*Asks:* 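Quick one: the structure is below, and I'll ask about it shortly.
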Amino acid sequence: MRFYFFIGIFLLDLVACHKDDSVEKEGAGRTIIVYLGVDNNFSGEGAEKIKALTEGWRGNYHGNLLVYADGGAAVLVRIHENGSGEMFADTLREYGAENSADPAVLKRVLSEVKEQFPADSYGMIVLSHGSGWLPKGQLVSPVSIIQDRYNEMEFPDFVDAIPMMLDFIVFDACFMGTIEVAYELKEKAKYVVASPAEVLSPGFVYKSMIGHLMTSEPRLTAVAKEFYDYFNGMGGFWKSATVSVVKTDELERVAEFLAGVGDVTDSERVNLREVQQYGYGPHSLFWDMGDYVSRWAPEHGEEFVELLNRAILYKAATPGYYSSGNMRYNNIHTYSGLAMYVPQADYPLLNREFRRLKWAKAVSR
């Protein structure tokens, strides 16, 4: 669960009062869509992020920046220069009350952006609650991905709703840095930036983020490093950050290697209490991948970590992470860049749902 101080700012106060009906039909370098699923206790963050993105935008960027924000009344805004050197967030669409956790809504928004702002490449930033690939309702506070009040979007539906290939997805949400998430996305996104633990507010550094993402080759490592540096410079439990940049086309080699080693989902060979975990309260569901495999198959541990490092372009972790589930600061003794789930007798439903994932099928073949 993302831990934050509420800031009461009305979302529409930060966007221009007129509606911009202009449509860009010529191709641009890159179109980025920021999907703010904040119709929940993040409602104050929507306005903050739009303000930061507007302050960080530069008129000479070769591309488009669109923001879908649902803090009760959903809008689609475009951040751009007004011709006088000033940066504006202009309203393109006013959707009213709708469920931003509905995959049909996500698909409609992305399809509109793709049609009206075509580009050579696309990128996406997602801000909401998250719990990786876990089915909805499986943790008390974190949810699968995108929460709208009592509604949740399950991760496979999120993947299916994406109508185009993305250069990258930046997940400003908890527990999205898992091998199951990255592998499920390898046909939809070239790179994934995510955290296997909880993400504290204010999350990623939005004001400078767009400058890194609008370059011809997006500087994803810079985005991740700024996030890490911000929290690493904090004190107390705020010194809490885990983040990685994952190159998804390298993950098939990781799956093939593990499939040849044996059934690594058989957790009985490992004392899980000794493995680095990124849990939520009493739930120990996300295990450090490098640490787990090195204990499961120590004779292959070094080779596996070398292979995993080909897929992880950048990784960083503070000495520990804060969990709002038990309000404790938990030590991090090793960090390989990705977490993984392994079936346990205490979670029969999760075990069944896990077997349906592409990752589970790939390593069990």
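Below, each value reflects all heavy atoms present in this structure, side chains not excepted, and no hydrogens, waters or symmetry copies. The shown structure was predicted, so the numbers you read here are calculated from the model rather than taken from an experiment.
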*Asks:* I need the minimum non-hydrogen distance between Ala101 and Asn151, along with the two atoms involved.
*Replies:*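 Ala101 and Asn151 have their closest heavy atoms at CB-O, 3.8 Å.
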*Asks:* Counting distance only, does the side-chain N/O of Thr178 pair as donor-acceptor with the main-chain N or O of Ala339 below 3.5 Å?
*Replies:*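 It does not hold such a pair.
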*Asks:* Does Val275 reach the side chain of Val270, with side-chain heavy atoms less than 4.5 Å apart?
*Replies:*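 Yes - at least one pair of side-chain heavy atoms lies under 4.5 Å apart.
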*Asks:* Taking Asn232 for the side chain and Tyr228 for the main chain, is one N or O donor matched with an acceptor at less than 3.5 Å?
*Replies:*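 Checked: no pair found.
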*Asks:* From Asp120 CG over to Ser216 OG, what is the distance, rounded to the nearest 0.5 angstrom?
*Replies:*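 One gets 11.0 Å once the value is rounded to the nearest 0.5 Å.
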*Asks:* Given Phe286, which partner from the list Phe175, Tyr341, Trp133 fulfils the ring-ring contact (aromatic ring centres under 6.0 Å, His included) test?
*Replies:*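 Result for ring-ring contact (aromatic ring centres under 6.0 Å, His included) with Phe286: Phe175.
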*Asks:* Any luck finding a side-chain donor-acceptor pair between Arg355 and Thr265 under 3.5 Å?
*Replies:*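 Their side chains do contain a donor-acceptor pair, which is all the 3.5 Å distance test asks for.
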*Asks:* List the steps and the verdict of side chain to side chain contact (heavy atoms under 4.5 Å, CB included) for Leu65 and Arg78.
*Replies:* CA-CA 6 Å; Leu65 176 58; Arg78 178 191 180 200; over 6 Å; no
*Asks:* Roughly how far, to the nearest 0.5 Å, is CH2 of Trp359 from CD1 of Ile179?
*Replies:*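 The CH2 atom of Trp359 is 4.0 Å from CD1 of Ile179, to the nearest 0.5 Å.
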*Asks:* Apply the test side chain to side chain donor-acceptor pair (under 3.5 Å) to residues Tyr183 and Glu252: give CA-CA distance (whole Å), side-chain angles for both, the deciding distance (0.1 Å), then the verdict.
*Replies:* CA-CA 8 Å; Tyr183 194 84; Glu252 191 61 43; 2.7 Å; yes
*Asks:* Would you say the side-chain atoms of Ser121 pair up with the backbone N or O of Gly29, donor to acceptor, closer than 3.5 Å?
*Replies:*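 Such a contact is found between Ser121 side chain and Gly29 backbone.
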*Asks:* Given 3.5 Å as the limit, does a donor-acceptor pair link the side chain of Glu198 with the main chain of Ser324, or not?
*Replies:*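 It does hold such a pair.
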*Asks:* Do any N or O atoms from the side chain of Ser128 and from the backbone of Gln147 form a donor-acceptor pair under 3.5 angstrom?
*Replies:*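 Confirmed, Ser128 side chain pairs with Gln147 backbone.
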*Asks:* For the side chain of Arg93 and the backbone of Tyr68, is there at least one donor-acceptor N/O pair under 3.5 Å apart?
*Replies:*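 No, the answer is negative, given that no donor and acceptor are paired below the 3.5 Å cut-off.
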*Asks:* Can you see which heavy atom on Thr242 is nearest to which on Pro196, and at what distance?
*Replies:*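 Looking at all heavy atoms of both residues, the shortest contact is OG1-CD, 3.2 Å.
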*Asks:* Might you point out which heavy atoms bring Pro135 and Leu350 nearest each other, and give the distance in Å?
*Replies:*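 Nearest pair, atom of Pro135 first, then Leu350: CD-CD2, 3.6 Å.
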*Asks:* Taking the side chain as every heavy atom from C-beta outward, state whether Asp172 and Val126 have any pair of such atoms under 4.5 Å apart.
*Replies:*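 Side-chain contact under 4.5 Å: no.
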*Asks:* Roughly how far apart are Arg253 CZ and Leu308 CG, rounded to 0.5 Å?
*Replies:*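 Rounded to the nearest 0.5 Å, the CZ-CG separation comes out at 13.0 Å.
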*Asks:* Would you say the side-chain atoms of Glu184 pair up with the backbone N or O of Lys358, donor to acceptor, closer than 3.5 Å?
*Replies:*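 Here the side-chain-to-backbone pair exists.
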*Asks:* Would Val77 and Leu66 count as a side chain to side chain contact (heavy atoms under 4.5 Å, CB included) if you check the C-alpha gap in whole Å, the side-chain angles of each, and the deciding distance to 0.1 Å?
*Replies:* CA-CA 6 Å; Val77 300; Leu66 289 302; over 6 Å; no
*Asks:* Give a yes or no on this: more than 12 heavy atoms of other residues, nucleotides or ligands lie within 6.0 Å of atom CD of Glu299.
*Replies:*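 Correct, the count exceeds 12.
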*Asks:* Same cluster or not: Met234 versus Leu200, using hydrophobic residues (I, L, V, M, F, W, Y) connected whenever any side-chain heavy atoms lie under 4.5 Å apart?
*Replies:*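 Yes, it is one cluster - the side chains of Met234 and Leu200 are joined through contacts under 4.5 Å.
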*Asks:* Test salt bridge (Lys or Arg N to Asp or Glu O under 4.0 Å) on Arg356 and Glu353 and set out the steps.
*Replies:* CA-CA 5 Å; Arg356 298 177 180 177; Glu353 293 300 314; 3.2 Å; yes
*Asks:* Taking Arg269 for its side chain and Trp296 for its backbone only, find out whether a donor-acceptor pair lies under 3.5 Å.
*Replies:*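 Here the side-chain-to-backbone pair exists.
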*Asks:* As an exercise, state the distance from OG of Ser294 to CD of Glu303, rounded to the nearest 0.5 Å.
*Replies:*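 Interatomic distance, Ser294 OG to Glu303 CD, rounded to 0.5 Å: 11.5 Å.
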*Asks:* So does Glu268 get a backbone contact from the side chain of Gln344, meaning a donor-acceptor N/O pair under 3.5 Å?
*Replies:*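 Checking the backbone N and O of Glu268 against the side chain of Gln344, no donor-acceptor pair under 3.5 Å is found.
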*Asks:* Just wondering, do Asp346 and Leu285 contact through their side chains at under 4.5 Å, heavy atoms?
*Replies:*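 Leu285 does not reach Asp346 side chain to side chain.
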*Asks:* Can His212 and Glu226 be counted as having a side-chain donor-acceptor contact under 3.5 angstrom?
*Replies:*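 A pair is found: one side chain offers a donor N or O, the other an acceptor, under 3.5 Å apart.
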*Asks:* Quick check with a 6.0 Å cut-off and a 45 degree axis cone: is Arg108 positioned over the face of Tyr95's six-membered ring?
*Replies:*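 Yes, a cation-pi geometry holds between Arg108 and Tyr95.
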*Asks:* Measuring from atom NZ of Lys207 to atom OG1 of Thr54, what distance do you get when rounded to the nearest 0.5 angstrom?
*Replies:*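 It is 11.0 Å, given to the nearest 0.5 Å.
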*Asks:* Run the ring pair (Phe, Tyr, Trp, His ring centres under 6.0 Å) test on Phe171 and Phe158 for me, step by step, so that the C-alpha distance in whole Å, both residues' side-chain angles and the decisive distance to 0.1 Å come before the verdict.
*Replies:* CA-CA 12 Å; Phe171 284 110; Phe158 171 87; 5.8 Å; yes
*Asks:* Asp167 pairs by salt bridge (charged side-chain N to carboxylate O under 4.0 Å, His left out) with which of Lys188, Lys247, Arg30?
*Replies:*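 Passing option: Arg30.
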*Asks:* Taking everything shown except Lys107 itself, do over 12 heavy atoms lie less than 6.0 Å from its NZ?
*Replies:*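 No.
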*Asks:* With rounding to the nearest 0.5 angstrom, report the OG1 to CG distance, Thr318 to Asn331.
*Replies:*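 The OG1 atom of Thr318 sits 10.0 Å away from the CG atom of Asn331.
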*Asks:* Run the side chain to side chain contact (heavy atoms under 4.5 Å, CB included) test on Leu127 and Lys49 for me, step by step, so that the C-alpha distance in whole Å, both residues' side-chain angles and the decisive distance to 0.1 Å come before the verdict.
*Replies:* CA-CA 10 Å; Leu127 164 60; Lys49 301 314 183 194; 3.8 Å; yes
*Asks:* Donor-acceptor check, side chain of Asp291 to backbone of Gln276, threshold 3.5 angstrom: yes or no?
*Replies:*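 Yes, because the side chain of Asp291 sits within donor-acceptor range (under 3.5 Å) of the backbone of Gln276.
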*Asks:* Evaluate whether atom CZ of Arg328 has more than 12 neighbouring non-hydrogen atoms of other residues, nucleotides or ligands under 6.0 angstrom away.
*Replies:*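 It does not: Arg328 CZ has 12 such atoms or fewer within range.
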*Asks:* Kindly say whether the aromatic ring centers of Tyr329 and Phe237 come within a distance under 6.0 Å.
*Replies:*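 Not close enough - the centres of the two rings lie 6.0 Å or further apart.
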*Asks:* Indicate, with yes or no, if Leu272 and Tyr321 share a hydrophobic cluster defined by side-chain heavy-atom contacts under 4.5 Å among Ile, Leu, Val, Met, Phe, Trp and Tyr.
*Replies:*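 Linked within one cluster.
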